[in-house]
Amino acid sequence: MGFHHWQAVECVNTFDNKRDAMDDRYWDRELETIAPGGLERLQLERFNEVIQRARCSKFYKKRLPDRLKSLEQVKDIPLTTKQDLRANFPDGFLTVGLEDIIRLHSSSGTTGRATVIYHTRRDIDNWTELVARSMYMTGVRRGDVFQNMMGYGLFTGGLGLHYGSERLGALTIPASSGNSKRQIRLMKDFGTTVVHVTPSYALHLYSIFEEEGLNPREDLNLRIAFLGAEPYSNEIRKKIEELYGLDAFNSYGLSEMNGPGVAFECTEKEGMHLWEDSYFLEVIDPETGECLEDGREGEMVLTTLMREGMPIIRYRTGDIASVYTEPCACGRTHRRISRIKGRSDDMLIIKGVNIYPMQIEKVLMDMPEVGHNYLIELERVDYLDTIKVKVEVAQEIFHGKASELESLKRKVADHLKSEILITPRVILVEPNSLPKSEGKAIRVVDKRTMGADQS
Amino acid sequence: MRINPDEDQSFYTAGRYKSIMRENGGENMASQVTVFVENRPGRISKIARILGENGLNIRAITISDRGEYGLVNLITNDPDKAYKVLLKEGLSVSRQNVIAIIIEDRPGELADVTEYLNRSSINVANAYGFILQSQEKAVLILEVDDFEKAQQVIGGGGYHTLTKKELHNL
């Protein structure tokens, strides 16, 4: 290896390792094991602070009460939706001037459907703290080597985990996604112990290991994997654990709530602790908006209790889950949520990218040569998520030329790529072979096997 | 080799061919019907059944396979009717003039024809053929980029191209 000269520098350990000295189990013992009564008081205090702050934004100016007397009153505050975020793009939710913002993360969307989340320095700091706390909870420690195989960029999964890992003190390798051979070389050269990866990529990478004649269980030092950014089943998790000889952890996050670090599994691997000192959690009936008690399945509604630059209050996540009623054996008092069971809307998560079927429809409708009928099929091919878009070849556009059909396929794929940022496989099918667009046609077929999950 | 138009009057005469060209333009040219099909079982038999039930005879069939779909090219005794009945069944169909040349059914004949076309810079997009057993002759079907030019070149080479009617009467 080529970095011996680094060690020539005089080594001074300035790390304040109070955690190793105190209790190895918790990153922040006081907050993680806070008594339920104390947590409620903290939440009420923070909720009132965030209301005061949010009232500085154009969107929340007239939507919020002066002050909550108890958390019971939260349910009277109107809900905030993704549509609100879009409609108030780019600055309707901002509470400070842009000079106080140090980063933004924006969703995909090239046709005015974008959303943006702004972060102040303190916001990044708080988010980083939550990610460090989450990673520590799964057993990551200073001395670990963390290879982050998620895309760096606007997607929060890359930078979010990166900062958290550095805060924790792990050696952080910003490998980003793709380039399988290089990923493997990095793992070998630097003795990677922890990875952050999509489950489909983890399975794909295993086939590359086999090609290279390597056995990850014996030839690597991996012990922990964070699986995220796409739905996957518990069977897939177990398979990855088996193949690589490690512990794999579920997590939950969404960019509107910073990104990763909203909820994470502890070593019990029974549900994900949602950090209630930073997020206020409610579960509602998606039809009526009525709040549901713990244990009942519904749509999660979250409030950022700590965010300065862009607080979001009672945000409809669209994610369906339930809250565990039993306390966790790990001693943390923050409630656990189940795997995400599905969506209250039709959003798809593919390779970490959120896609709405409407985006695809809009692109196809803008192409006169394409029929009104289409079908989206999600499949897992060689462990990788693929999106297929089936398009009918109408009589009007058919001239008996294969070259014309091939260029149509390319055109459809290119147009879709520029909207959804993923290149779909376009499949041409016979006219009248797809479900009709009248009424409730089935436009999305998800053939991936799953209980859903995301990060 | 050149085909002598007097050899078989029942099939062709150069004079008759020319007059048809003058009077009817491409209307009486041989044509193929192309059907868009998905690559799944039963598609060929579906097409064949539709044609059969409508009393249509298939002279030749080829399939160009494009992976998940294919294009089925058909020469039938009545391309207009074939086009209509397939369209009526909801399939995507197109009709295209092709050049149908009568050639001898003997080794080297196809090489002679295609070399001639090649020398004359006729670009062939697709070619297939079928044998007329009773006549010891074969029909070569050519899809070409420039139909008009190909007509002239082939006529000039002494080859005979079949009209729609001739193809029908085979």
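We name chains A, B, ... by the order of the sequence lines, and we start the count at 1 in each one.
You'll find the side chain of B/Gln96 reaches within 4.5 Å of the side chain of A/Lys401, heavy atoms only.
Using a distance-only test at 3.5 Å, with no hydrogens or angles considered, no donor-acceptor pair links the side chain of A/Gln395 to the main chain of B/Gly90. Formation of a donor-acceptor pair under 3.5 Å by the B/Thr34 side chain with backbone atoms of A/Gly400 is not found in this model. B/Ser92 places no side-chain N or O within donor-acceptor distance of the main-chain N or O of A/Phe398, the cut-off being under 3.5 Å.
When heavy atoms are compared at a cutoff of 4.5 Å, A/Lys390 does not approach chain B at all. Heavy atoms of B/Val35 lying under 4.5 Å from chain A belong exclusively to its backbone. When heavy atoms are compared at a cutoff of 4.5 Å, A/Leu405 approaches chain B by way of both its backbone and its side chain. Both the backbone and the side chain of A/Glu406 have a heavy atom closer than 4.5 Å to some heavy atom of chain B. In this structure, chain A has a heavy atom under 4.5 Å from the side chain of B/Tyr69, while its backbone stays farther away. Using a 4.5 Å cut-off between heavy atoms, B/Arg95 makes no contact with chain A at all. The contact between B/Leu91 and chain A is made by backbone and side chain atoms together, counting heavy-atom distances below 4.5 Å.
Around the NZ atom of B/Lys81, the shell of radius 6.0 Å holds more than 12 heavy atoms that belong to other residues, nucleotides or ligands. Counted within 6.0 Å of CZ on B/Arg40, heavy atoms from surrounding residues, nucleotides or ligands total more than 12; the atom is thus considered enclosed.
The heavy-atom pair separating A/Val426 from B/Glu68 by the smallest distance is O-OE2, 3.7 Å. Taking every heavy atom of both residues into account, A/His399 and B/Ser94 meet most closely at C-OG, 3.3 Å. Minimum heavy-atom separation, B/Glu38 to A/Glu430: OE2-N, 2.6 Å.
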